[in-house]
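Quick notes on the structure that follows.
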2 protein chains.
Amino acid sequence: MARTPTTHDPFNAVAEPKRRQVLEILGANELSVSEMVELLGWSQPTVSKHLGVLKQVGLVSERRVGRQRLYRVNAERLKSIHDWVSPFERFWNESYDRLDEVLQVVQEKEK
Amino acid sequence: MARTPTTHDPFNAVAEPKRRQVLEILGANELSVSEMVELLGWSQPTVSKHLGVLKQVGLVSERRVGRQRLYRVNAERLKSIHDWVSPFERFWNESYDRLDEVLQVVQEKEK
DNA sequence: TGCAAATATTCCTATATCGGAATATAATAG
DNA sequence: CTATTATATTCCGATATAGGAATATTTGCA
């Protein structure tokens, strides 16, 4: 068995750094392929192919205007990643450390 | 050129669903390989191999006790994922929609 | 010393990838 | 209708998987 295809889910699609970059430059905007080629400095087929993966997995949507294709981020598809990783946030977030300290103090007092 | 190796960074390591499951059952605990084999119902080599990837990328750390190896999550290594995805949160989070509404009202009044 | 438990590693194979180069397709202008 | 712009697709090759089966390694115990 091989690795799960990049088009299988957002986790796999976003594992490729260039695809993350595409989503970053898109942000809240709508950009054409040639604008992205300009901004990213990659070849046009490279940009189109990454957009193809992102589109298949639903991370971007496409709108045709003349001979251009305008892409935008479909951010809800990133929610699954956020939801998965968020529970771990408490392990590096300082405010949770503070909470632990407070709880320790409370426990001390209860002895 | 091939796909970025799974051991290259947390994004690639975590793209595999089974490795996410391993991190989930570990949570805040420390588990031996055989406990994970028991909990997950996978073959021992499968568990060990996924742990190997997670360890190489720094997502888990290992402690040897007798002939057991106890693993625990190194959650800070997930921070990069959280940091990358968080800026997109505003696109699906309702409270931001509310904020937008408030801002619109303010803008209306300023006219 | 020698067996058993706990874990890691090797060997195997089918399968996708990513980028470059070349080419195909679609839409507009003249 | 033809040339041109904008974008997608195909063909190529080197590379790394993931799981199963078998085996190796390490440690503890009698």
Side-chain angles (χ1 to χ4, degrees), chain A residues 1-23 25-26 29-73, chain B residues 1-23 25-26 29-73:
Chain A
M1 213 168 277
R3 223 209 281 206
T4 305
T6 56
T7 52
H8 183 262
D9 60 27
F11 280 97
N12 281 281
V14 152
E16 165 64 47
K18 288 194 171 171
R19 281 192 288 268
R20 290 201 297 278
Q21 258 189 280
V22 169
L23 296 177
I25 65 159
L26 278 174
N29 306 318
E30 204 177 30
L31 295 177
S32 69
V33 176
S34 38
E35 287 172 319
M36 293 188 244
V37 168
E38 169 72 18
L39 286 168
L40 295 165
W42 309 337
S43 78
Q44 176 266 310
T46 293
V47 173
S48 280
K49 278 186 270 189
H50 284 303
L51 285 169
V53 172
L54 292 172
K55 193 187 164 194
Q56 265 198 64
V57 82
L59 279 165
V60 300
S61 50
E62 176 204 321
R63 184 167 71 97
R64 302 183 186 209
V65 173
R67 44 190 157 182
Q68 301 201 120
R69 306 216 186 174
L70 303 181
Y71 287 88
R72 63 165 56 254
V73 176
Chain B
M1 211 170 279
R3 222 211 279 208
T4 307
T6 57
T7 52
H8 184 262
D9 60 26
F11 280 97
N12 282 280
V14 152
E16 165 64 47
K18 289 195 171 172
R19 281 191 287 268
R20 290 200 298 277
Q21 259 189 278
V22 169
L23 296 178
I25 64 158
L26 278 174
N29 307 317
E30 203 177 32
L31 294 177
S32 69
V33 177
S34 38
E35 287 173 319
M36 292 188 245
V37 168
E38 169 73 17
L39 286 168
L40 295 165
W42 308 338
S43 79
Q44 176 266 312
T46 292
V47 174
S48 280
K49 278 185 271 190
H50 284 303
L51 285 169
V53 173
L54 291 172
K55 192 186 164 195
Q56 264 197 64
V57 82
L59 279 165
V60 299
S61 50
E62 175 203 323
R63 183 168 72 97
R64 302 180 187 213
V65 173
R67 42 190 157 182
Q68 302 200 121
R69 306 215 186 174
L70 303 181
Y71 286 87
R72 63 165 54 257
V73 176

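Worth saying up front: this structure is predicted, and the values here are computed from it rather than measured. Per chain, numbering begins at 1; letters A, B, ... match sequence-line order.
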Side chain of K49(A), heavy atoms from C-beta onward: which of dG19(C), dG19(D), dT7(D) has the nearest atom to it? dG19(C)
Between P on dA18(D) and CD on Q56(B), what's the gap in Å once rounded to a whole number? 12 Å
Would you mind telling me which of dA18(D), dT17(C), dA8(C) lies closest to the side-chain atoms of A2(B)? dT17(C)
Checking all strands, does K18(B) fall into the base, sugar-phosphate, or nothing category for heavy-atom contacts under 4.0 angstrom? sugar-phosphate
In terms of the nearest nucleotide of DNA chain D, which residue is placed more toward the 5' end: E62(A) or R3(A)? E62(A)
NA contact type, T4(A), heavy-atom cut-off 4.0 Å: base, sugar-phosphate, or nothing? nothing
Along DNA chain C (nearest heavy atom to each residue), the more 5'-positioned of T7(A) and S43(A): T7(A)
Show the nearest heavy-atom pair for residues L59(A) and P10(A), with the distance to one decimal. CD1-CA, 4.1 Å
dA8(C) base / Q44(B) side chain donor-acceptor hit below 3.5 Å: yes
Which of I25(A), V22(A), L70(A), V37(A) passes side-chain contact (heavy atoms from CB on, under 4.5 Å) with L31(A)? Answer is I25(A)
Heavy-atom neighbours of E38(A) CD exceed 12 at 6.0 Å: no
Does E16(B) contact dA18(D) through a side-chain donor or acceptor facing the base, at a distance under 3.5 Å? no
Distance below 4.0 Å between Y71(A) side-chain N/O and dA6(D) OP1 or OP2: no
Taking R19(A) for the side chain and A13(A) for the main chain, is one N or O donor matched with an acceptor at less than 3.5 Å? yes
Name the residue closer to the 5' end of DNA chain C, choosing between R69(A) and E35(B) according to the nucleotide with the nearest heavy atom. E35(B)
Ignoring hydrogens and angles, answer whether the base of dT5(D) and the side-chain atoms of R67(A) contain a donor-acceptor pair closer than 3.5 Å. yes
